[in-house]
There are 2 protein chains.
Amino acid sequence: MDSPRVRDPERMRERILDAAQALILDHGFAATTVDAVVGRAGATKGAFFHHFGSKSELARALVERYAAMDRAHLEERLSRAEKLSSDPLQQVLLLIALYEEEFASMAEPFAGCLFASYIYEAKLFDDSTLEVLRDSTLRWRRVMREKLEKVAARYPPRREVDMESLADLFYSITEGAFIMTKTLGDKTLLGRQARHLRNYLELLFAPAETGVTPPIS
Amino acid sequence: MDSPRVRDPERMRERILDAAQALILDHGFAATTVDAVVGRAGATKGAFFHHFGSKSELARALVERYAAMDRAHLEERLSRAEKLSSDPLQQVLLLIALYEEEFASMAEPFAGCLFASYIYEAKLFDDSTLEVLRDSTLRWRRVMREKLEKVAARYPPRREVDMESLADLFYSITEGAFIMTKTLGDKTLLGRQARHLRNYLELLFAPAETGVTPPIS
DNA sequence: TGCAACATACCAACCAGTCGGTATAATGCC
DNA sequence: GGCATTATACCGACTGGTTGGTATGTTGCA
């Protein structure tokens with residue numbers, strides 16, 4: 001009935017990864033047992049250790065999948081924003097707005113970020129796993145920084161800011177808002193925090209007094 | 001010489017809490033064993049279970065101590081800012097500047113926030129422990145919101161913002177910057193992120209076009 | 001039929017918590 | 001003050017349950 005007797009190794013692997021991710025975001029990596037993972041995935045230990053050589057290998061595979069998804073997600077949104085406007089400032093603002101939209105349309109309050117989960121158990125992971133975190137963070141920095149430098153070239157910022165830390169603000173605010181969301185269970189929080197980032201950029205790069213765009217509401 | 005044969009239960013308790021906190025911020029709660037804690041604290045299992053009925057009881061005691069410290073820290077900085085200026089906007093800006101100073105003067109890149117560590121292992125803790133997280137978060141929100149409302153009453157914000165989410169920005173940016181700091185190991189990051197929050201508030205509440213304060217640099 | 005994809009039974013290491021015992025400090029009494 | 005008595009602080013071997021991992025089977029598909 002419910003369980004198709006057909007074998008689909010790729011799907012099984014994904015099911016295990018999905019189960020592990022959900023459990024890890026609630027319990028952390030250490031407290032997520034292999035038994036619990038296979039239980040949730042509807043698999044067995046045999047299947048688990050067939051697909052992953054060890055629990056640490058699962059950790060790396062999981063974060064690599066997550067990083068790839070995060071990267072693809074950012075690239076997709078950014079290219080959408082770039083198609084919607086040719087002005088770099090508008091592109092950045094649109095990018096944030098797109099994220100706001102998605103946050104607003106989420107059913108549950110958001111489970112959390114795997115990067116943040118890992119970093120607070122950093123000593124449990126090997127360097128190659130932590131390298132994925134660093135790479136992803138630095139990618140965010142680079143992508144946003146390049147875009148912001150184009151913005152700054154066209155719209156001289158009203159305050160002297162370095163573009164690196166301004167780029168980091170995207171990551172910071174998001175991660176911080178994830179934590180608050182998990183703490184308070186308020187799913188509107190994420191979008192409202194992103195909105196402030198948008199406000200800041202609008203104010204910072206506002207071309208002239210009258211050029212301040214009105215709130216979209 | 002080195003080991004005083006005098007008994008000091010309070011100090012022993014603190015030593016255990018200190019050891020636990022340091023280990024938890026690196027390994028998470030689940031992976032922090034009682035043996036490791038007592039090892040680091042120079043204590044034994046007997047001492048541990050004399051002071052704490054269980055590992056979960058340690059978790060609660062630890063986060064309560066952390067929350068009290070966080071609260072006292074905020075109150076101290078805020079009252080210092082309030083003494084330095086009578087203008088609510090300046091008070092808020094000074095508060096951030098005080099935190100920037102502290103972040104800048106730290107020797108190590110900052111170990112992390114216990115609240116964030118706990119929230120990514122939330123399912124391991126009982127409600128009374130998680131309540132401490134919520135209370136602390138809501139306290140930050142309330143304190144900052146009250147201050148910001150006084151600011152907004154005197155300086156009409158240049159954009160329509162709700163003071164609640166603006167207040168939350170203090171917590172968000174801080175927590176997010178903690179995560180980035182842990183990921184990249186850059187101890188200047190924290191202060192530079194706080195600086196952007198200060199910029200935002202300055203721009204948002206800037207009294208008039210000419211009133212935009214020049215960068216301090 | 002051969003091999004990948006599972007399932008099941010099992011193991012050794014580890015871990016939170018216990019317990020009998022010891023050392024030190026506090027208290028009550030003369 | 002001195003001393004018996006009690007309470008507190010601490011020690012460390014031990015235990016029962018748990019966990020990551022393995023060894024050995026079984027099943028489905030090319």
Side-chain angles (χ1 to χ4, degrees), chain A residues 1-24 26-63 117-118 121 123-126 128-129, chain B residues 1-24 26-63 118 121 123-126 129:
Chain A
M1 283 303 159
D2 56 325
S3 78
R5 283 292 86 183
V6 287
R7 277 183 173 171
D8 191 339
E10 204 48 49
R11 267 172 75 99
M12 172 64 96
R13 200 185 130 96
E14 290 298 309
R15 287 218 324 269
I16 292 174
L17 287 170
D18 290 343
Q21 181 164 323
L23 288 169
I24 288 172
D26 279 342
H27 304 81
F29 178 74
T32 298
T33 69
V34 174
D35 279 319
V37 171
V38 299
R40 187 180 232 264
T44 61
K45 268 195 155 160
F48 182 95
F49 284 101
H50 174 74
H51 286 283
F52 307 98
S54 67
K55 201 189 167 191
S56 340
E57 203 175 286
L58 166 82
R60 200 176 53 241
L62 188 58
V63 79
S117 173
Y118 274 39
E121 293 179 280
K123 281 275 164 69
L124 308 185
F125 304 105
D126 50 40
S128 70
T129 302
Chain B
M1 281 303 160
D2 56 325
S3 78
R5 281 293 82 186
V6 288
R7 275 185 172 169
D8 192 339
E10 204 48 49
R11 266 173 76 99
M12 172 64 94
R13 202 185 127 96
E14 291 297 310
R15 286 220 320 274
I16 292 174
L17 287 170
D18 290 344
Q21 180 165 324
L23 289 170
I24 288 172
D26 279 342
H27 304 81
F29 179 73
T32 298
T33 69
V34 174
D35 280 317
V37 170
V38 299
R40 187 181 233 264
T44 61
K45 268 216 163 128
F48 182 94
F49 284 101
H50 173 76
H51 286 285
F52 306 98
S54 66
K55 202 188 166 190
S56 342
E57 204 174 284
L58 166 82
R60 201 176 53 242
L62 189 59
V63 79
Y118 275 38
E121 292 178 282
K123 282 273 165 67
L124 308 185
F125 304 104
D126 51 40
T129 301

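Every chain is numbered from 1, with letters handed out A, B, ... down the list of sequences. Computed from heavy atoms alone, side chains included, the values below leave out hydrogens, waters and symmetry copies. Bear in mind the structure is a predicted one, so any value in this text is a computation, not a measurement.
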### Message
Among A:I24, A:V63, A:L23, exactly one meets side chain to side chain contact (heavy atoms under 4.5 Å, CB included) together with A:F29. Which residue is that?
### Response
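It is A:I24, the one option of A:I24, A:V63, A:L23 that forms the side chain to side chain contact (heavy atoms under 4.5 Å, CB included) with A:F29.
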
### Summary
Of the candidates D:dC10, C:dA16, C:dC6, the side chain of B:V34 sits closest to C:dA16

### Query
Which nucleotide in the list D:dG20, C:dC6, D:dA9 gets nearest to the side chain of A:R7?
C:dC6

Do [X] and [Y] make a side-chain contact, defined as non-hydrogen atoms from C-beta onward lying under 4.5 Å apart?
X	Y	result
A:Y118	A:L62	yes
B:T44	B:V38	no
B:R15	B:M12	yes

### Message
Wobble G-U and Watson-Crick pairs count when both distances are under 3.5 Å; given that, what is the 5' to 3' dot-bracket string of DNA chain D, with | for pairing to other strands?
### Response
||||||||||||||||||||||||||||||

What is the distance, to the nearest angstrom, from the [atom1] atom on [X] to the [atom2] atom on [N]?
X	N	atom1	atom2	answer
A:L58	D:dT19	CG	P	16 Å
A:R11	C:dA4	CZ	P	22 Å
B:M12	C:dT24	CE	C1'	13 Å
B:D35	D:dA13	CG	C1'	12 Å

Closest approach of [X] to [Y] (non-hydrogen atoms, all atoms of both residues):
X	Y	answer
A:A20	A:L58	CB-CD2, 3.9 Å
A:T32	A:V37	CG2-CG2, 3.5 Å
A:L124	A:A30	CD1-CB, 3.7 Å
B:S54	B:F49	CA-CE2, 4.0 Å

### Query
Contact class for A:T44 (heavy atom, under 4.0 Å): base, sugar-phosphate, or nothing?
base

### Message
Among residues 48-56 of chain A, which ones have heavy-atom contacts with DNA chain D below 4.0 Å?
### Response
A:F49, A:S54, A:K55

### Message
Quick check on DNA chain D: between B:A43 and A:T33, whose nearest nucleotide comes earlier from the 5' end?
### Response
B:A43

### Query
For the base of C:dA7, is there a side-chain donor-acceptor partner from A:K45 under 3.5 Å away?
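Check fails, no donor-acceptor contact within cut-off.
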
### Message
Looking only at side-chain N and O atoms, does A:S128 offer a donor or acceptor that is under 3.5 Å from a partner on A:D126?
### Response
yes

